[in-house]
Structures are given as structure tokens and as C-alpha cells.
Amino acid sequence: MRTFSRSQAFFKKVRRVIPLASQTFSKSYLQYVPGQAPLFITHGKGAYVWDLDQNKYLDLINGLLPVVLGYQYKKVDDAIRAQLKKGIIFSLPSPLEYELASKLKQLIPCAEMVRFGKNGSDATAGAVRLARAVTRRNRIAVCGYHGWQDWYIGANPRNQGVPEAVKNLVHKFEYNNLAELEQIFKKYPNEFAAVVMEPMTSEEPRDNFLQKVKALTHKHGALFILDEIITGFRFSLGGAQKYFKVTPDLAAFGKSMANGMAISVVAGLEKYMKKMEDIFFSFTFGGECLSLAAALATIEEMEKKHVIQYLWSMGAYLQNSTRKILEKNGLQSFIQLKGKPCWQLFVIHDHQGFSAFEIKSYIQKALVQRGILWAGSHNMSFSHKKIDIEYLLRSYKAVFGMLENAVKNNTLRKELKGKIIPGNYSVRKLS
Ligand SMILES: Cc1ncc(COP(=O)(O)O)c(C=O)c1O
């Protein structure tokens, strides 16, 4: 039986000096069953991580998606070490910036020009500021999660501290609901600077939705921005824009492009990107060289080893097999595994008096005991080998069987002993 006493004790100490005891909501205690899951990781290798209590896990979260090749991936770590010998950051730009920019231009349809950031939020905020400067308009329509900055988070339930005036400029619309976006445009004619959206999360785009959003956005004189922080370097090396054949005016990339190093990108058409020279998008750690070197090595490795194809084929095997297990246990009416094979999302609904959180908690607790770090998604990495996936599938067989009985016999709540995932907050609402 796995125990988490060190994690628990350390958590109390950490929370006295670090609010939330984490830098990221999705990595915090809010996502894990209290006392039944680890809260801190000390190291990782390949597809595995080790917690503070020295338990080993197959990691399906992969640092919230950046770890696309695997932990301590030699080619990338070697590139980082080689750059470290030359220096981390300099007083003038390094030639690596041009090298990476040229590579991205070659791969990503909209990337006629690029600028680099550190977090995904840098890239989305930069793209939005640029769109506002280009159009001289203020309103932004959004669909998805786009980071922690004021311009977007005003549309999120957790928006304390964002000025009303800024909150009023962001307008949400639902995925696959073109009529809703049309209404928003009609209500505020000539006021929208941009539509910002994730190309896809759990739902497939229906009836050329992305192409239609682009056309509608342009009809209303706004810029079409794709937030490819997750889909980039996963759907294809050219992003979801290449996969879905829809080239945006601007796009944001981050996460998977450097196997865990902090780097993001604003990419876009030259006619807009040139105006980057007039707006303010500038920060000390832009162009930090270890991340640039890591991105170049990651992309090179992804090309050489056909990593995208691997993520899709291993992901498809896992996704199809998991769906079969869900069906076999009669769970498919309230648990679905959606998304594309390279990034799969469990969508869980309330069922027979049990809340989605209780059901998710039950699954997480049982998987953690089997050495699987799980928070409701399959964030595929190149280090997830067949043997790991087979282990995961055997675990699902056991856990989903237990869940079926716990629901049928009405024992689920009793088995949880009141311990459920505390986070009634998630950055993304799935359907
Ligand atoms: C689609 C999307 N956009 C933007 C962001 C913000 O990126 P970051 O957390 O690196 O600032 C995220 C982070 O999860 C994301 O998933």
C-alpha cells in the first residue's frame, strides 16, 4: 500500500511560505484526493516520476504537457548542457533566436515571423496586444483557456483583482457555436480586435467550424488568433492549424516545444508581426539560451524520430482500448474519453447521485495505488512505451470494474471515506 506521509507533512510546511503550496493550480493539492495521492515530485526519468515518499509512478500528466519526449531525455539534456558551457543568457540576442525562428517559419503555416516568450500567457497576451494595436479596437472574443493575464482571466470565475473595465472587454463563446459568436459581433459592431480560440480540446470541430470562425472574424474586421499552447507540437509539427488546414493571422505556442524548458512563441503573418516593433512586448528573460537550445533539440528529435506519428498511434491504441474497457463495464454513459489521441481528456458526468468529482476521485485514488499519476487526461509522451500502456490498460480494467460495482452497490461514497478532490475549480470546462 502506497502512503504519502512525507508529502502530507511537507505540504503543511510549504503552505506556510507558499500560498497554495504550488506555483500552478493544476499541479496543486486542489487536484488530488486528500491523503490519498502524492503532492510533491522529486525527480523523473522517461515516463516515470518519483514522489517525496519514494513511490514511483507512470506519469500521464507530464508537467501539464511540456514533457513531450520524456523526463531526462538525453538529446535535449545534452543540448542544454552544451549551451550551459557557453552561457545562459547574454546582453545581446544570441544567434540561436534566428535559428529557432527560421525552423518555426519552416514548420508552422502562419509563422512568417515570430517572437519568443517564456510562458504561454506571454504569447497569448502578446498576440492580443498586437491585435489591439493593429485594429485599434479593444474587445476580444475567447473560446478556451488562454492563461493568467488580465485581458483573459476577466472571463474566468476566478477573476478577483481584474479591473471591471478590462473584464468588460472579453466575451466568451462556446466551441462549435458560430451563432453565438455572430451575436457577439452584432452586439458590438466594429469593436472587436480579435477572436482567440483553442483549435480543439475535448470536442471535434463540426462542419468546418474553425474555417467559419476565421471567415466571420475577418468579415468583422478582427484578427483570427489560434491559441496552440497545447495543440502545437502535438497535433502536428505545424500545429493544429496545419492539421485542420486553417491558417490564423497570429498564433501562440508553448508547452511541448522544448520538452519542459520555459519558452513560448507568438507567430504570425508578417504584415501584423512587423508591428511588434511598435508595441511593448519585451522582457529580461526573452531569448534565454538554454530554452532556445532545448527547443531546437526537441524539434530536431521530433522530426528525426517521427514523434508526432508515435504520439498519435500509441495514443489511439490507448484511447480505443480504454473506451472498450469503459463500455465493457457499462461506464460509457457518464465517463467518456475525448480529444485527439495525442491529448486525451476524460469527460466525467454526475451519475446516480454521485458527483463527477466523487467519480474522478475514486478513479484517481485507485490508480495512484497502482502507481499511476492521473488527473483525468492522457498527455502522451514519446517515453510512453507499449509496456507502460499495457500496464495502464490492465489497471483500468481493475479500476473500472471496481467502479462499476461501487456505483451498482452504492458503496462509492463509503469507500471514499469523505475524501474527494477539493478543486471545484478548473481552468477549462469540458463537455
Ligand atoms: C491553451 C492554453 N493557452 C494558454 C495557456 C497559458 O500558458 P502558461 O500557463 O504557460 O502561461 C495554457 C496553459 O495551460 C493553455 O493550456
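The basis for the numbers below is simple: all heavy atoms, side chains too, and nothing from hydrogens, waters or symmetry mates. Remember, it's 1-based here, ligands and their atoms both numbered in the order they're listed. Here the structure is a predicted model, which is why all the values come from computation and not from measurement.
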- Item | cation_pi(Lys340, Tyr243) dist<6.0 Å, angle<=45 | no
- Aromatic Phe40 / basic Arg6 pairing, under 6.0 angstrom, 45° off normal: no
- Compile the protein residues with any heavy atom at a distance under 4.0 Å from an atom of ligand 1; present them by chain, then by number. Asn119, Gly120, Ser121, Tyr145, His146, Gly147, Glu198, Asp227, Ile229, Ile230, Lys255, Arg428
- Decide whether a cation-pi geometry holds between Lys386 and Tyr317; the criteria are a distance under 6.0 Å from NZ or CZ to the six-membered ring centre and an angle within 45° of the ring axis. yes
- Do Ile372 and Tyr391 touch side chain to side chain, with heavy atoms closer than 4.5 Å? yes
- Task: Using the ring of Phe382 (Phe, Tyr or Trp, six-membered ring only), decide whether Lys385 places NZ or CZ under 6.0 Å from its centre and within 45 degrees of its axis.
- Result: yes
- Query: Does NZ or CZ of Lys45 fall inside the cone over Tyr71's six-membered ring, less than 6.0 Å from its centre and within 45° of the axis?
  - Reply: no
